[in-house]
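Below: the structure, in structure tokens.
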Amino acid sequence: MTRALYPGSFDPITYGHIDIARRARKLFDELIVGVFSNPNKRTLFPLEERKKLVKRALKEEGLADVKVIGYTGLLIECAKELEVEVVIRGLRVNSDFDYEFQIALTNRDLDSTFETVFLMTSRDYVFLSSSMVKEIKAFGGDVSRFVPRVVEEALERKLQPVARKESR
Ligand code: ADP
């Protein structure tokens, strides 16, 4: 049985992330999404909210059997604890590859017990990122093509009051 971990910030989860999760779920017996809490990085959504959105979105997308956890610290430690053999990362454009390759090799040097598997995103989501979605929504744009409804609603609650305040 092969257990895989798909780590990331998921701030918030998008259809691009879901696409990768769906591909990974087909390849491995068990998939765990690890929502990373990085004390050095400011996120729009706190960890618990990001986890909740990931869970809800995956359920809505027919991926209810994917486990969702939060973690902090080194990915290699989390992977050891969960006894995963594979870590999944998504690739969109060339620039992703340079960054991801560096991280994967560094994890190897740090004595990782897993293999990193890169999955290519669907053509539709090549330019999709959480930050792009946040920026569009902050300026009142429509993000329904990029994120599930529950995420869109959460973004509305989080961002619209700010936009309204600024315009006064
Ligand atoms: P991180 O801060 O760890 O990069 P993200 O939530 O931004 O966290 O991304 C988590 C993983 O999902 C990364 O491997 C990233 O390349 C991948 N990813 C993000 N958006 C997409 C997308 N549109 N298509 C495919 N993979 C994606």
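Note that ligands are numbered from 1 as they come in the structure, with each ligand's atoms numbered from 1 the same way.
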All pairs passing ring pair (Phe, Tyr, Trp, His ring centres under 6.0 Å) where residues 110-138 contributes a residue, at least two apart: none

Below 4.0 Å from any atom of ligand 1, which residues have a heavy atom? Give them in chain and number order, please. Y6, P7, G8, S9, F10, G16, H17, I20, K41, R89, G90, R92, D96, E100, T121, Y125, L128

Any carboxylate oxygen within less than 4.0 angstrom of a Lys/Arg side-chain nitrogen, looking at E49 and K158? yes

Could you state the interatomic distance from CG (L44) to OG (S131), rounded to the nearest 0.5 Å? 11.0 Å

Under the criterion salt bridge (charged side-chain N to carboxylate O under 4.0 Å, His left out), I'd like the reasoning laid out for R89 against D96: C-alpha separation, chi angles, the key distance, then a yes or no. CA-CA 10 Å; R89 295 290 286 177; D96 269 354; over 6 Å; no

Using ring-ring contact (aromatic ring centres under 6.0 Å, His included) as the criterion, list what pairs up with F101, not counting sequence neighbours. F97

Per the salt bridge (Lys or Arg N to Asp or Glu O under 4.0 Å) rule, what does the pair list look like for residues 26-36, sequence neighbours excluded? R3-E30

